[in-house]
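Every chain is numbered from 1, with letters handed out A, B, ... down the list of sequences. From a predicted model like this one, the values you see are computed outputs, not experimental measurements. Only this structure's heavy atoms are used, side chains among them; waters, hydrogens and symmetry mates stay out.
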Amino acid sequence: MPELPEVETLCRQLNAILPGEKVLAVEILDPRLGEGEGERLIGRKIAAVYRRGKSIRIEIGKRDRLSDMSPETDRGKVKKIRMDKGFTAELHLRMTGRLFWQTDATSLPPYTRLVMTFSAGKLLLIDPRRFATFHARSRGAALPPLANPLEGLPARRLGEIAGMRRLPVKHFLMDQRIVAGIGNIYACEILHHACVDPRRPSGSLAANEWRKVEKAAAVILPRAVACRGTTVSDWRDLFGISGENQKHLKVYLRDGETCRRCGGKIGYMKLSGRGTWFCPACQK
DNA sequence: TATAATGTTAGACT
DNA sequence: AAGTCTAACATTAT
């Protein structure tokens, strides 16, 4: 469920809480998430949290001085432990993953799959469908940055990449290798704002149409971040609070209702296997 | 009971 | 070879 604005919301909220916090425990409750992945994070401090596309990357630093001062350890060993570069815990929420910051001693909510304990609280991964992924990797070379639609989607680049491709433009915008972070809701909304029919072959868009797509993304995505995401079913932010962006939806889930721009009737169809809402009257 | 769900990807098919 | 399409993953809610 979470797309760029939702993941961005979580990252910002995590960044206000986690840096400097030490990982006290990691419990993996769903074996699909990998067995010993969490062990090596224990005793380390969070440096910062970043978003890359729809992934949440928690940068975790070197082991804290006190925690590796086991008495009588030979110095070589201690040194070795502290020489590493730290880890990155990478979370991808896929369809139904959520993060929740729990600060009271209540029991874990249903479908909790992972618990990361800090002194200030517990970070829970809740995921009914169990598609979410979690990996703790030692920090290596920085990954190449993905095109970040929050920093703008240059129309020219989009046109170049689209070339002569016949892939529907909606599918094109959702290709994470091209544009990192747009999913089904925002692809529908961006194309409606840009007045472009989602079925159009991506290679058929004229330069001015890509410019409209660029502008649409620049309106829709930052507003969705400011609204802390779109709650149409189960999306909640880190503190369990619904987003507000559903108020701004023009087509998504509005099947049969009236287009607020032209008065036409919002249509629904399956495109590339995904539900697609659009206004046939004003999206050409 | 059948269907769809805010994501990704392996494998099949052009 | 490269582009495109489909099914599969696991589970709930309607």
Reckon [X] touches a base, only the sugar-phosphate, or nothing at all at heavy-atom distances under 4.0 Å?
| X | answer |
| --- | --- |
| Arg166(A) | sugar-phosphate |
| Pro2(A) | base |
| His171(A) | nothing |
| Tyr268(A) | sugar-phosphate |
| Ser233(A) | base |
| Gly273(A) | nothing |
| Ile185(A) | base |

Counting only side-chain heavy atoms from C-beta out, which of [options] sits nearest to [X]?
| X | options | result |
| --- | --- | --- |
| Phe131(A) | dT8(B), dA10(C), dT4(C) | dA10(C) |
| Pro128(A) | dA5(B), dT12(C), dT8(B) | dT12(C) |
| Lys54(A) | dA4(B), dT11(C), dG7(B) | dG7(B) |

Once you round it to whole Å, what is the distance between [atom2] of [N] and [atom1] of [X]?
| X | N | atom1 | atom2 | value |
| --- | --- | --- | --- | --- |
| Arg113(A) | dT11(C) | CZ | C1' | 8 Å |
| Lys170(A) | dT4(C) | NZ | P | 16 Å |
| Asn184(A) | dA5(B) | CG | P | 8 Å |
| Leu167(A) | dC13(B) | CG | P | 20 Å |

Determine: side-chain N/O of [X] to OP1/OP2 of [N], distance under 4.0 Å, yes or no.
| X | N | value |
| --- | --- | --- |
| Tyr111(A) | dT12(C) | yes |
| Arg94(A) | dT8(B) | no |
| Gln176(A) | dT8(B) | yes |
| His92(A) | dG7(B) | no |
| Lys270(A) | dA5(B) | yes |
| Arg274(A) | dA5(B) | no |

Looking only at side-chain N and O atoms, does Thr96(A) offer a donor or acceptor that is under 3.5 Å from a partner on Asp127(A)?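 Present: a donor and an acceptor within the cut-off.
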With no hydrogens and no angle check, just 3.5 Å: does a side-chain donor-acceptor pair link Arg52(A) and Asn148(A)? no
Quick check: any donor-acceptor pair below 3.5 Å linking the side-chain of Arg129(A) to the base of dA10(C)?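 Per atom types, the contact qualifies.
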With no angle test and no hydrogens, is the base of dA10(C) tied to the side chain of Arg32(A) by a donor-acceptor pair under 3.5 Å?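 No such pair is found, so the answer is no.
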Across all strands, who's sitting opposite dT14(B) as a Watson-Crick or G-U wobble pair, both distances under 3.5 Å?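 The answer is dA2(C), by the H-bond criterion.
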Please give the distance between the P atoms of dT9(B) and dA1(C) as a whole number of Å.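 Pairwise P distance, dT9(B) against dA1(C), rounds to 22 Å.
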When you compare dT8(B) with dT12(C), how far apart are their P atoms, in angstrom units rounded to a whole number?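 It works out to 22 Å between them.
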Crowded around Arg200(A) CZ? As in, over 12 foreign heavy atoms under 6.0 Å?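 Yes - once you tally the heavy atoms of other residues, nucleotides and ligands closer than 6.0 Å, there are more than 12.
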Do Val49(A) and Leu41(A) sit in one hydrophobic cluster, given that two such residues count as connected whenever their side-chain heavy atoms are within less than 4.5 Å of each other, even indirectly? yes
Centre-to-centre under 6.0 Å for Trp210(A) and Phe172(A), is that the case here? yes
With the side chain counted from C-beta on, respond yes when Leu91(A) and Leu10(A) share a heavy-atom pair under 4.5 Å apart, and no when they do not.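 When only atoms from C-beta onward are counted, Leu10(A) and Leu91(A) do not touch, as no gap falls below 4.5 Å.
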